[in-house]
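Remarks on the structure that follows.
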Amino acid sequence: MSAPVQTALKVEFELSESDLDFFRARLAKARDARIADDEAVILEGVAAMSKQAAAANPPAFVRERLEQLGPLVAMLRDADWRLAGDDRKRVLDALAYFADPDDLIPDSTPGIGYIDDAIMIELVANALAPELEAYDDFVAHREEIASGAQDLPSLDDARAVMQSRMRRRRSRSRAGGTWSHSTSVTHYF
């Protein structure tokens with residue numbers, strides 16, 4: 001009698017604060033190694049890593065995290081959003097890790113090669129929550145304008161308010177405060 005064939009293996013793990021500190025240190029190392037004028041290299045690296053990861057058919061939790069990179073790249077490329085200065089640098093610094101082909105677990109390792117990337121994406125998404133929320137609201141506002149909605153603030157006004165809100169929330173989160181996330185695209189201001 002032969003043993004049953006196992007077709008999948010579910011692995012769950014919890015990272016301690018010291019584990020997360022290790023990953024944060026790797027993000028900081030990638031940020032510090034970043035050259036000032038390498039935005040195109042970072043964006044190309046993120047695109048290449050995302051494409052390779054998708055082709056490798058990673059586990060669902062990795063695919064879900066990979067999708068979170070899209071809005072970060074989009075906010076840098078979006079001419080209407082006009083993310084500039086320290087705000088732009090903050091997003092690029094966060095994405096720098098994903099442009100480095102030499103990450104913690106070689107991406108070519110079947111099944112687990114993108115786990116480190118998924119962890120890093122989760123950390124980046126949490127750190128950039130104010131940016132992601134503001135950009136999401138801005139995109140929704142732009143779509144409402146495009147659909148013909150009347151009496152809405154201009155894109156310039158919406159961008160100014162949303163980026164200001166983003167900075168306030170980031171400042172509050174650094175100080176240990178919290179904010180309630182908007183759950184409706186009608187809460188622009």
Close side-chain approach of [X] to [Y], heavy-atom, < 4.5 Å:
X	Y	value
M75	V139	no
S171	R167	no
V91	V124	no
D137	R165	yes
H141	M162	yes
M166	E133	no
L83	Q163	yes
D80	F138	yes

Could you work out, with side chain to side chain contact (heavy atoms under 4.5 Å, CB included) as the rule, every residue matching [X], not counting sequence neighbours?
X	result
K89	R34, D93
D86	none
R82	D156, R159

Got a second to check how far [X]'s [atom1] is from [Y]'s [atom2], nearest 0.5 Å?
X	Y	atom1	atom2	result
I121	N126	CD1	CG	12.0 Å
D87	L92	CG	CG	11.5 Å
F98	L72	CZ	CG	8.5 Å
E39	L95	CD	CG	9.5 Å
F23	L123	CZ	CG	8.0 Å

Examine distances only and state if a side-chain atom of [X] and a backbone atom of [Y] form a donor-acceptor pair shorter than 3.5 Å.
X	Y	answer
S50	A47	no
D78	W81	yes
R88	L76	yes

Side chains of residues 109-118: which donor-acceptor partners sit under 3.5 Å, not counting sequence neighbours?
| residue | atom | partner | partner atom | Å |
| --- | --- | --- | --- | --- |
| T109 | OG1 | P106 | O | 3.0 |
| Y114 | OH | A53 | N | 3.4 |
| D116 | OD2 | Y97 | OH | 2.7 |
| D116 | OD2 | L104 | N | 3.2 |
| D116 | OD2 | I105 | N | 3.4 |

Listing, residues 57-71 side-chain donor-acceptor contacts under 3.5 Å, not counting sequence neighbours, or none:
| residue | atom | partner | partner atom | Å |
| --- | --- | --- | --- | --- |
| R63 | NH1 | P58 | O | 2.4 |
| R65 | NE | E122 | OE1 | 2.9 |
| R65 | NH1 | F61 | O | 3.0 |

- Task: Heavy atoms only: give me the nearest L128-A94 pair and the separation to one decimal.
- Result: CD1-CB, 3.7 Å
- Task: Specify the closest pair of heavy atoms between A30 and A96, including all atoms of both residues, with the distance to one decimal.
- Result: O-CB, 3.7 Å
- Query: Going by the salt bridge (Lys or Arg N to Asp or Glu O under 4.0 Å) test, which pairs reach into residues 16-28, not counting sequence neighbours?
  - Reply: E17-R24, D21-R24
